[in-house]
Amino acid sequence: MADPVSKTSAVERVNLTVDGRAVSVPKGWNLIQAARKAGFHVPHYCYHEKLSVGGNCRMCLVEVGLPRMGPDRKPVLKADGTPEIGWLPRPQIGCATQAGEGMSVRLNSQLVKECRRSVLEFLLINHPLDCPICDQAGECKLQEYAFQYGGGESRFVEEKERKPKKVELGPRVTLDDERCILCTRCVRFCREIARDDVLGIFNRGSHSYISCYPGRKLENNYSLNTVDLCPVGALTSTDFRFKMRVWFLKETSSLCASCARGCNITVGSREGVVHRFKPRCNDAVNSHWMCDEGRLNYKWINDERRLKKPLIRASGSAKWDEALAAARDALVRNRGRVAILASGQCSCEELFLLKKLAETYGAVVKLAPAHEGPGDNLLVETDKTPNMNGVRLMGFEAGREVGAKLSDAMAKGEVAALVAVRECAVAAGVDAGALKKMDAILAIDVLPSPTVEMASVVLPGAAHVEKTGTFINFQRRLQRFHPAFAPPGEARTDLWILGQLPGGDSKPLDYEKVFNRMCGETPAFQALPWEPLTEKGVEVEW
Amino acid sequence: MAIITPRPQLTLAERLYLPAIVSGMWLTIRHFFVNLLGLKKKFTLEYPDEKCPPPPGCRGAPTLVRDEDGREKCVACQLCEFVCPPRAIRVTPEALPPGSRHAKIEKRPAAFEINMLRCIYCGFCQEVCPEEAIFLREKTILTGASRRELVHDKQRLLALGGSRPDSVKKWKDK
């Protein structure tokens with residue numbers, strides 16, 4: 001496992017033995033972390049590496065022993081020279097026990113197994129056992145651990161505690177208190193990460209339940225992270241509730257395209273329909289979190305109005321080869337009078353091909369309008385496009401005045417053909433009347449827009465979850481996203497379309513080849529590794 | 001060493017063949033009249049009018065059942081859809097409307113389709129169902145004029161399934 005701390009020699013390290021395996025960890029690590037480093041998993045509910053230690057679920061109980069000291073304050077050695085271990089009489093919780101020098105830990109002794117079984121029996125006492133209607137079923141830690149470590153039977157014959165169900169904690173989160181195991185991860189998340197202290201535990205003993213403080217609501221922009229954190233099905237996403245069982249979802253590593261942060265996400269899709277976005281851990285970018293806004297910004301991908309067929313406005317033809325030929329004709333006809341309107345939604349590779357296209361057809365202007373909005377000091381950036389740094393790196397002019405610049409060039413008669421990729425010229429501030437006078441507008445887009453309505457050739461492209469590519473986020477970190485499924489209908493990936501436009505070599509472009517060509521021709525990407533880019537991304541400098 | 005089997009020595013009656021022919025004819029004529037007059041039990045069924053009673057444990061068409069109160073037992077957990085080897089089942093879940101009598105169950109299938117052209121009558125769906133809502137019933141002969149007709153929707157499945165008393169009543173106290 002990656003251990004970033006170990007490279008700095010300043011950190012003091014301790015040596016311990018976990019289930020007979022010797023491991024050295026930085027001082028301050030707890031036993032769950034130490035066991036993970038040794039290659040073992042300690043079951044736990046309330047512990048989360050990015051939150052403070054709660055220590056209330058008792059699931060991570062392990063046996064701990066320290067070297068027995070002789071009267072001379074030196075470890076007593078056994079006959080074979082190894083120190084004799086004095087095992088503590090009671091098990092300790094792994095999350096709140098720091099690894100110590102010479103410590104020994106047992107993860108699978110009879111005592112530990114008994115502890116886990118008993119803890120699970122306690123946790124299940126008031127659990128409604130309604131897995132068939134619970135959204136968490138399939139990714140529920142209570143289910144998983146009950147199978148792995150549980151006793152399988154309950155001796156509890158009394159009435160189960162009744163608690164509030166289907167509580168709307170906020171606009172996006174629904175709570176089922178009966179399923180809650182009171183691990184307080186959500187409470188700690190709101191207090192420590194979201195800095196919006198609205199959740200708490202009310203009542204005592206088995207009557208305890210989670211709720212919002214009176215008059216407050218869980219409505220901050222990070223509220224859905226509590227759903228991810230919830231190890232059971234107590235906190236559910238109102239949006240995802242009852243939509244799809246998780247075991248049907250195909251999980252694909254991708255990026256959120258809602259702002260310049262580029263949060264790492266997992267796309268959950270089934271048969272070409274996106275059902276949810278979930279954050280994927282990347283400590284350099286988004287840790288384990290993502291904002292609700294970005295998380296729920298997937299519905300447009302499943303939209304009915306998605307462009308599914310190419311179109312030549314004049315003839316009404318909807319054939320790819322004819323549409324591409326018409327597009328090439330328009331570009332050749334207007335050579336030297338072409339404007340390119342790119343987008344921060346385009347991947348670096350697409351921008352690279354657009355740049356090549358601009359060179360081939362002598363583009364007058366290469367622009368990309370800015371999209372700005374409110375940000376915050378946790379994750380949300382003010383720049384609402386995922387790849388504005390890529391746009392700048394590829395030599396496009398980005399900013400708010402892009403529309404005015406394009407209008408100017410059009411007014412001067414320098415531009416007769418416009419290539420608009422994932423951007424609407426009207427929305428950028430260009431007068432629709434002036435656009436109508438253009439000789440040709442080529443629109444590569446996913447959804448209808450005024451520009452698409454006016455375009456002489458419409459080429460349906462792909463959403464970012466339908467294609468592969470890279471984005472450079474605001475930290476100048478180059479990150480890759482992967483396709484979850486193919487674009488709808490006859491739509492193609494933008495990379496394929498852009499590869500066809502220059503004409504001549506009309507072989508479909510291989511993504512990896514484009515990437516390598518881009519790296520070769522872009523100084524900032526020189527000697528960029530192809531392989532390590534997949535998971536966490538790399539920072540680029542220019 | 002070769003074993004020499006001697007050729008049987010036939011009697012005169014055997015050599016004539018006539019007694020054998022007569023006895024064969026007699027057998028045929030006897031059966032003809034026994035069947036004509038209905039003197040003996042018939043083993044064949046007049047198929048479209050008469051049908052073979054299904055043996056106990058026969059796995060026929062999968063159906064959805066209601067409990068004794070008329071509640072659809074299926075809660076749309078989609079386990080049958082998951083386990084179905086030929087992927088014949090397609091469930092679309094939805095939340096129960098708030099005013100419903102069974103609102104505490106929270107979830108039900110908005111649509112439940114079993115494609116009987118794909119179904120292999122394996123019974124996995126019945127086995128996996130945590131709600132005892134899907135049962136393979138005796139109906140084995142399914143005919144239709146179109147493919148669409150053989151994709152059983154929820155109404156059809158409930159009509160075929162009928163009601164089945166609920167022995168557990170797990171939702172009663174929820």
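In what follows, chains carry the letters A, B, and so on, assigned in the order in which the sequence lines appear, proteins first and then strands, with residues in each chain numbered from 1.
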Interchain contact, [X] with chain A, by part (heavy-atom threshold 4.5 Å):
| X | answer |
| --- | --- |
| B:Pro93 | both |
| B:Ala110 | neither |
| B:Gln78 | both |

request  = Determine the sole option in A:Lys165, A:Lys163, A:Gln136 for which the side-chain hydrogen bond (donor to acceptor under 3.5 Å, both in side chains) test with A:Asp176 is passed.
outcome  = A:Lys165
inquiry  = Here's a test for you: under salt bridge (Lys or Arg N to Asp or Glu O under 4.0 Å), which of B:Arg101, B:Lys154, B:Arg108 qualifies with B:Glu72?
reply    =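 When B:Arg101, B:Lys154, B:Arg108 are each tested with B:Glu72, the salt bridge (Lys or Arg N to Asp or Glu O under 4.0 Å) holds only for B:Lys154.
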inquiry  = Looking at chain B, which one of A:Pro132, A:Ala137, A:Gly138 has the largest number of heavy-atom pairs inside 4.5 Å, strictly under?
reply    =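 Of A:Pro132, A:Ala137, A:Gly138, A:Pro132 has the most heavy-atom pairs under 4.5 Å with chain B.
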query = Would you say the side chains of A:Thr236 and A:Thr174 form a donor-acceptor pair under 3.5 Å?
reply = no
request  = Working to the nearest 0.5 Å, report the span between CZ of A:Phe277 and CD1 of A:Ile265.
outcome  = 4.0 Å
message = Please classify the contact between A:Lys160 and chain B as side chain, backbone, both or neither, with a heavy-atom cut-off of under 4.5 Å.
response = neither
ask   = Do the numbers put A:Arg245 on top of the ring of B:Phe82, so that NZ or CZ is under 6.0 Å from the six-membered ring centre and no more than 45° off the axis?
value = no
